[in-house]
Enquirer: 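First, the structure itself, so that you have it in front of you.
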Amino acid sequence: MAEYRAPLEDFRFLLSRVFQIEHFWQSLDKPGDVDMDMANAILGEAAKIAQEVLAPLNQSADAQGCRWDEGEVLVPDGFKEAYQTFCEGGWNGLAGSPEFGGMGLPKTLIAPVEEMVQGACMAFGLAPMLTAGAAFAINAHANDELKARYLPKMYSGEWSGAMDLTEPHAGTDLGLIRTKAEPQNDGSYLLSGTKIFITWGEHQCSDNIIHLVLAKLPDAPAGSRGISLFLVPKFLVDAEGRVGERNQVSCGSIEHKMGIHASPTCVMNFDAAKGWLVGEVNKGLAAMFTMMNYERLLVGIEGIGVAEASYQSALRYARERLQGRSASGAVAKDSAADPLIVHADIRRMLLSMKALNEAGRAFYLYVAQFLDIAKFSGDAKRREQAEALVALLTPIAKAFITDMSLDATIHGQQIFGGHGYISEWGQEQHVRDVRITQIYEGTNGVQALDLIGRKTVACEGKLFSVFYQEVQTWIEAQKGEQHDKYIKPLSEALQVLKSSTEKVVANAKENPHNAGAVAVDYLHLFGYVAYAFMWARMAVEAQSQEVKGEFSPAFVEGKQASADFYFGWLLPQVSCLQQRVETSAECMMNLSEAGF
Ligand SMILES: Cc1cc2nc3c(=O)[nH]c(=O)nc-3n(C[C@H](O)[C@H](O)[C@H](O)COP(=O)(O)OP(=O)(O)OC[C@H]3O[C@@H](n4cnc5c(N)ncnc54)[C@H](O)[C@@H]3O)c2cc1C
C-alpha cells in the first residue's frame, strides 16, 4: 500500500485562493480567531498525525479487526496508543464550544483535518467523528448541568461518544423504535431495549462512553412524534464528574462486516440503564436533526479521504508497473515495457479519480462555508440564506460525494488489475471501507428522496432558486474570454438543472411515485452541475498569475487538465440524466410484484 500523503497543497489552493478564506473568516463573529497562519499550522500538524500515526495502522488494523470477549471489545493493536496520541494533541475538541474547553474553530478549517484523519484510517476516524457528533447534540440541546458534566471530558477525548438510533426492525423508519424510557422520581429515566449497528459503542480506548439513545416514554404518541433523546453513560458519573459504578448498558456482540473491520459495530443492550433527557420530551428526532447536517457532510468528507488514498496509491502503481507499449511508440526505451501511465485508458481512470476527488473536496468546503455562516454570522439575513443552502446541499454532499468516491476507488482497484483484488496492495480495502458511506447516516436513496421531496417538490423549487442565483451571480461576475470554455458549459448545465427541477415539481403532482422513481438521478444531475461549478471556480483561479507564482507548475497544469477532463468527459453525463429525470415512474410501477 502506498504511503498516505495529506493533500496540503490542494487545501492551501482551495482555502487561500478559491474560497478566499481569510477574508471569509473575518466576515464572521468569533470563529476561534483563526487566520491563515494558524490554519496552516493546524493542517501541518494534522498531516503529521495522519501520516505518521494513523496511516501506518490502516492495513494491519483491517487485517486484525476487532474481537468481542464476554462483553468487552478489543480493538486492533496500536489503536489504544493512537487514540491516546490523538487526544493529547487536542484533536477531539476542534469544533467544541470554548465555554466547555473546546476550540470553537470553523468547519471550513476542521473539514480538511477530518479528511486527513479519515483518509489515513477511516475505521479509527469514526471514533472521534461519533464523539464530535454526540458532543454537538449535547451542546445544542442538553441542560447546563449535563453540558458541564460531560462536554469537557468529551472534548478532551477522555470520554468518547456513540449514537444509538438503529434497532433490528427500525433503520430508516425510526418511528418504529421500541426502546422504552421509564421516568424516575429523581428526574432520570431507566432505558430498556436493544440497539444494533452502534459504531464504537463499546471499546477500551476511553475511560467512559457516552451513548445518545433514541427511546420512547410509556405514554408517547405513536411514530416519529413520540421519540425522545437520552444521554446514557457506560459508567455513571458523580456531581464532581468522577466515573463511578457501571451502568446497565452492555455490548451483546459485534458484527462481522464487509469493511471498516477495525471499527467495532456493536449490538448494545439497555437493561434498565440510567439515562437523562436531552432536549424536550418527544422532540428527540428534531434534536438529532440539528447534528445531522454536520454528520452527513462528514460522511461525504470520509468518502473523499478514502478516495484520495486510493488515488495516491493507484498513481504510484501506474508510474511503476511496466506493461505493454504506448500506442504512439515505446516511451521507456531502456525497459522491456512502458509504465501503465502511458496508456489512455489508465489515464482516463486516473483523471476520473482526480477530477471527482478534487471537485468533491471543493464542494464539501463550499457547503462548510454555509455551515460556518449559519453558526457564526451576526447577520440574520445572511444566516437564513446559508441555512437554506445547507438544507438543500447536504443530501448532495453526503450522497453524490460518496457515490462518486466509490466509483473513484473502483477505478483505483481496476488500475491495479488482479493485484487490486489482492489484500496485500490495499486497494480492495479502500473499496470495502468506502462502501458503507453510501449506507449509513441515511442511505443515499433516502438522501435523494429528501432532496427531491422535502427540499424541492414540497417548496416548489424555492430552495433550488437560492442555489441557482448563487451560481448565476458568480457566472455573471466572470470576465475574459479565456474563461469561456468553463463558463459556457457550466451555464448550459445549470439551465438543464433548472428546467429538470421545474419538470420534477410538475411531474410529482401527476403521480406520487414519479419523484421517488427519479430521485437518485435528480441528485446525480444536481451533483454533476455542482461539481461543474467547483471546477469552473478552480480553473479560473488556476489561470491567475498569483496562483502560477505561488503553486508548483505541475500542480497548476494538473488543475487545468483536470478541469478540461471534467467538462469534456464527465459533465456530458448531464444529458443522459436529464432524459431519465424528466420521465415518469410508469415503467417501474406498472409491473405487478409477481412479474419481478
Ligand atoms: C457499519 C455500520 C455502522 C453503523 N453505525 C450506526 C451507528 O453508529 N448508530 C446507529 O444508530 N446506526 C448505525 N448504523 C445503521 C445505519 O444507519 C442503517 O443501517 C441505515 O440507516 C439503513 O437502515 P436499515 O439498515 O434498517 O435499512 P432499511 O431502512 O431497512 O432500508 C433498506 C433499503 O430500503 C430503502 N428504503 C427504506 N425506506 C424507504 C422509503 N421510505 N422509500 C424508499 N426506499 C426506502 C433504503 O434506502 C435501503 O436501500 C450503522 C450501520 C452499519 C452497517
Side-chain angles (χ1 to χ4, degrees), residues 62 65-66 73 122-134 136-137 160-179 191 193-203 209-215 223-224 227 229-230 232 249 251 253-270 284-285 287-289 291-292 295-296 298-299 302 306 395 398-399 402-403 432-454 457 512-520 522-523 585 588-589:
D62 176 71
C66 297
V73 172
M122 178 177 157
F124 178 93
L126 283 163
M129 170 176 164
L130 268 298
T131 305
F136 188 90
S160 62
M163 307 293 302
D164 302 50
L165 287 62
T166 308
E167 297 183 8
H169 57 284
T172 304
D173 190 354
L174 289 168
L176 301 173
I177 62 167
R178 292 186 194 137
T179 299
L191 276 83
T194 296
K195 297 285 177 180
I196 62 164
F197 296 163
I198 306 308
T199 300
W200 284 90
E202 175 57 39
H203 58 92
I209 301 174
I210 313 306
H211 294 269
L212 279 191
V213 187
L214 289 182
S224 57
I227 299 176
L229 181 64
F230 298 89
V232 182
V249 46
C251 175
S253 61
I254 58 172
E255 307 293 345
H256 302 277
K257 56 192 189 291
M258 176 178 177
I260 50 167
H261 289 156
S263 158
T265 305
C266 307
V267 172
M268 297 305 305
N269 296 318
F270 297 83
L285 218 48
M288 293 300 290
F289 273 119
M291 52 151 289
M292 285 290 186
E295 291 288 305
R296 289 184 172 164
L298 217 167
V299 176
E302 276 182 338
V306 178
K398 194 272 180 185
T402 58
D403 283 352
R432 287 188 286 105
D433 284 354
V434 87
R435 182 70 177 89
I436 187 62
T437 61
Q438 298 177 299
I439 296 172
Y440 59 19
E441 278 296 328
T443 63
N444 284 2
V446 169
Q447 301 299 323
L449 288 175
D450 179 40
L451 173 69
I452 208 166
R454 283 200 315 139
V457 172
H513 287 299
N514 280 346
V518 305
V520 167
Y522 178 69
L523 183 138
M588 295 176 201
M589 301 313 289

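On a predicted model such as this, the values are computed, not experimentally measured, just so you know. Order of listing sets the numbers, starting from 1, for every ligand and every atom in it. Atom set for the values below is all heavy atoms of this structure, side chains included, hydrogens, waters and symmetry mates excluded.
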Enquirer: Quick test: of every protein heavy atom, which one is nearest to atom 47 (O) of ligand 1, and how far off is it to 0.1 Å?
Expert: Thr443 OG1, 2.6 Å
Enquirer: What protein heavy atom is closest to atom 13 (C) of ligand 1, reported as residue, atom name and distance in Å?
Expert: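 I find the closest protein heavy atom is Phe197 O, 3.1 Å.
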Enquirer: Could you identify the single nearest non-hydrogen protein atom to atom 42 (N) of ligand 1 and state the distance to 0.1 Å?
Expert: Leu449 CD1, 3.4 Å
Enquirer: Counting each atom of ligand 1 from 1 as listed, which ones have a heavy atom of Thr199 under 4.0 Å away?
Expert: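 The list of qualifying atoms is 3 (C), 4 (C), 5 (N), 6 (C), 7 (C), 8 (O).
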Enquirer: Of Val446, Thr166, Ile260, which has the heavy atom at the shortest distance from atom 12 (N) of ligand 1?
Expert: Thr166
Enquirer: Does any part of the side chain of Thr194, heavy atoms only, come nearer than 4.5 Å to the side chain of Glu167, both counted from C-beta?
Expert: no
Enquirer: Are the side chains of Lys398 and Glu295 in touch, meaning some heavy atoms are under 4.5 Å apart?
Expert: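 Lys398 does not reach Glu295 side chain to side chain.
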Enquirer: Hey, what do you get for CZ (Arg432) to CD1 (Ile260), rounding to the nearest 0.5 Å?
Expert: 10.5 Å
Enquirer: Quick one: look up the protein heavy atom nearest atom 28 (P) of ligand 1 and list residue, atom name and how far away it is.
Expert: Thr172 OG1, 3.7 Å
Enquirer: Should you measure from each heavy atom of Met163, which atoms of ligand 1 turn up under 4.0 Å away?
Expert: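 Near Met163, the atoms of ligand 1 are 7 (C), 8 (O), 9 (N), 10 (C), 11 (O).
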Enquirer: Enumerate the residue pairs fulfilling salt bridge (Lys or Arg N to Asp or Glu O under 4.0 Å) with a member in residues 433-452, sequence neighbours excluded, ordered by first and then second residue.
Expert: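 Qualifying pairs, neighbours excluded: Asp450-Arg454, Asp450-Lys455.
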Enquirer: Consider ligand 1: state whether an atom of it lies below 4.0 angstrom from any non-hydrogen atom of Glu255.
Expert: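 False for this residue.
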Enquirer: What protein heavy atom sits nearest atom 53 (C) of ligand 1, and how far away is it?
Expert: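 Result: Ile436 CD1, 3.4 Å.
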